[in-house]
There are 2 protein chains.
Amino acid sequence: MTMKEAYTDRFEFSLDDKGRLSVPVEWRGEAFEKRFLVMPSSDGCLRIYPASFLGREMEKLSSLGATSADARRKSLEKLASVIQAAEPDQQGRIMIREKFRQHAGLGRQAVLVGRLDHFEVWDPKKWKKIAPPATTFEEVAKEVGL
Amino acid sequence: MTMKEAYTDRFEFSLDDKGRLSVPVEWRGEAFEKRFLVMPSSDGCLRIYPASFLGREMEKLSSLGATSADARRKSLEKLASVIQAAEPDQQGRIMIREKFRQHAGLGRQAVLVGRLDHFEVWDPKKWKKIAPPATTFEEVAKEVGL
DNA sequence: CCATTTTTACCCACATCTAACCACAACGTC
DNA sequence: GACGTTGTGGTTAGATGTGGGTAAAAATGG
């Protein structure tokens, strides 16, 4: 797998009454994909992956034993039923359906959090509650063993 | 792993009110990367790594068992959310967002400290307090056993 | 099948911010 | 001195985030 560029940093942007959300210019380069999948997350945010995510998952299926692939396929099919595809308009915004905004409790503001191969969208209040209080390099280095 | 060139020496440069900081010409050669990751450090400075750092870490993930990769991924994702990517302008300066300047307590001056595969950015006052007093080659040679 | 309402995509407008450009003093080299 | 480089500071054209209008498309309902 070739990694091009990673989603990093945090941004706070506004959602207009049409449900449009700007994707930060930092995540718009040639190395980034221009099509996304919006999925509800169990921790109360939205996870937004590059569209190629599904293709990769489906490829993984074919390199799996028939029995274990079957269970995975069922799970993926379940996931597919709650995924919204989204493509930015010419201003770089993606439209997030109301169903999804509701899931994340989104109002007029949203926090976008970079997570390497994808990013998350949070309601600012929720984010403040669950955000780690100043993540640092050393903290993670210890956990990961750099 | 191919080591190209190492970040060495110390420099004191100024930060303008736009948050721009010159990268020393000593660290600008062809052998150095032209894209950086700015990360907050727990000792109150900023750690600045070549951008390839993240790519290498992500590749390590894919060559790991699914279970142990999961915990590592979570940690790396946490780190990603507090990383700012930065690219020098045509004068060789990188823009450091206010969020990060605040973390390091940076004013109009900054000390840049070479750390082999990365460098650190310090507020001059903080640096004076923690700076090691005049290390010499022989001293370190004894410790390391050169 | 057509009429009506709702939704969506495209376009334009605009304030703010950024990045490219220019300028220049300090320094070092030839 | 003439020249180029480096660090530093401003100016400005263009990009960016945001809002709204409108026409096309889709959904809904006879």
Side-chain angles (χ1 to χ4, degrees), chain A residues 5 7-32 34-38 46 48 51 83-102 106-114 119-124 127, chain B residues 5 7-32 34-38 46 48 51 84-102 106-114 119 121-124 127:
Chain A
E5 268 215 67
Y7 295 94
T8 66
D9 212 344
R10 286 192 324 256
F11 306 90
E12 180 159 355
F13 284 157
S14 62
L15 268 154
D16 62 23
D17 45 11
K18 293 179 188 174
R20 294 180 296 186
L21 176 67
S22 286
V23 174
V25 67
E26 281 84 352
W27 301 343
R28 282 191 215 165
E30 269 302 316
F32 289 94
K34 287 157 281 175
R35 196 149 198 281
F36 298 101
L37 303 176
V38 183
L46 299 177
I48 302 193
I83 287 181
Q84 179 210 330
E87 209 153 349
D89 63 17
Q90 286 168 346
Q91 273 78 331
R93 297 171 289 190
I94 53 176
M95 216 271 291
I96 297 179
R97 293 186 199 292
E98 222 224 314
K99 198 192 310 178
F100 292 84
R101 279 180 273 159
Q102 218 164 326
L106 293 175
R108 291 208 86 79
Q109 291 295 111
V111 177
L112 292 89
V113 183
F119 62 94
E120 298 172 352
V121 180
W122 287 87
D123 169 65
W127 172 251
Chain B
E5 266 213 67
Y7 295 96
T8 64
D9 210 347
R10 284 195 323 260
F11 306 89
E12 179 159 356
F13 286 156
S14 62
L15 267 154
D16 62 22
D17 45 11
K18 294 180 189 172
R20 295 181 295 186
L21 175 67
S22 286
V23 174
V25 66
E26 281 86 351
W27 300 344
R28 282 190 214 165
E30 270 302 315
F32 290 94
K34 288 157 282 175
R35 195 148 199 281
F36 299 101
L37 303 175
V38 183
L46 298 177
I48 302 193
Q84 180 210 329
E87 210 152 348
D89 63 17
Q90 286 166 346
Q91 272 77 347
R93 297 171 288 191
I94 53 175
M95 217 270 291
I96 297 180
R97 291 187 196 293
E98 221 223 315
K99 198 192 311 177
F100 292 84
R101 280 180 274 159
Q102 217 164 327
L106 293 176
R108 292 208 86 78
Q109 291 295 113
V111 177
L112 292 90
V113 183
F119 63 94
V121 179
W122 288 87
D123 170 65
W127 172 251

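Just so we're clear, the structure is a prediction, and the values are computed from it rather than from any experiment.
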query = Can you find an N or O donor on one side and an acceptor on the other, under 3.5 Å apart, linking the side chain of B:K18 with the base of D:dT11?
reply = yes

ask   = Could one point to a donor on the side chain of B:R20 or the base of D:dG10 with an acceptor on the other under 3.5 Å away?
value = yes

Rounded to whole Å, how long is the line connecting atom [atom1] of [X] with atom [atom2] of [N]?
{"X": "B:K34", "N": "C:dA19", "atom1": "NZ", "atom2": "P", "value": "18 Å"}
{"X": "A:Q84", "N": "C:dT7", "atom1": "CD", "atom2": "P", "value": "14 Å"}
{"X": "B:I94", "N": "C:dT18", "atom1": "CD1", "atom2": "P", "value": "16 Å"}
{"X": "B:E12", "N": "D:dT6", "atom1": "CD", "atom2": "C1'", "value": "17 Å"}
{"X": "A:F13", "N": "C:dC17", "atom1": "CZ", "atom2": "P", "value": "12 Å"}
{"X": "A:D17", "N": "D:dG20", "atom1": "CG", "atom2": "P", "value": "6 Å"}
{"X": "A:W27", "N": "D:dG17", "atom1": "CH2", "atom2": "P", "value": "11 Å"}
{"X": "A:L15", "N": "D:dG17", "atom1": "CG", "atom2": "C1'", "value": "12 Å"}

Please classify the nucleic acid contact of [X] as base, sugar-phosphate, or nothing, using heavy-atom distances under 4.0 Å.
{"X": "A:R97", "result": "sugar-phosphate"}
{"X": "B:R108", "result": "nothing"}
{"X": "A:D16", "result": "sugar-phosphate"}

query = When the ring planes of A:F11 and A:W27 are compared, do they come out parallel, tilted or perpendicular, using 30° and 60° as the limits?
reply = perpendicular

request  = Classify the angle between the aromatic ring planes of A:W122 and A:W127 as parallel (below 30°), tilted (30 to 60°) or perpendicular (above 60°).
outcome  = tilted

Is any side-chain N or O of [X] closer than 4.0 Å to OP1 or OP2 of [N]?
{"X": "A:R93", "N": "C:dC10", "answer": "no"}
{"X": "A:S14", "N": "D:dG19", "answer": "yes"}
{"X": "B:Q91", "N": "D:dT8", "answer": "no"}

request  = Provide the closest heavy-atom pair for B:A86 versus B:I94 in the form atom of the first, atom of the second, distance.
outcome  = CB-CB, 4.2 Å

query = Okay, side chain of A:Q84, backbone of A:M95: is any donor-acceptor separation there less than 3.5 Å?
reply = yes

query = Which nucleotide in the list C:dT8, D:dT18, D:dT16 gets nearest to the side chain of A:M95?
reply = C:dT8

ask   = D:dT16, C:dT8, C:dC21: which one has an atom nearest the side-chain heavy atoms of A:V25?
value = D:dT16

query = So which one's nearest nucleotide on DNA chain C is more toward 5', A:D89 or A:E26?
reply = A:D89

ask   = Any side-chain heavy atom of B:I96 sitting closer than 4.5 Å to one from B:R20?
value = no

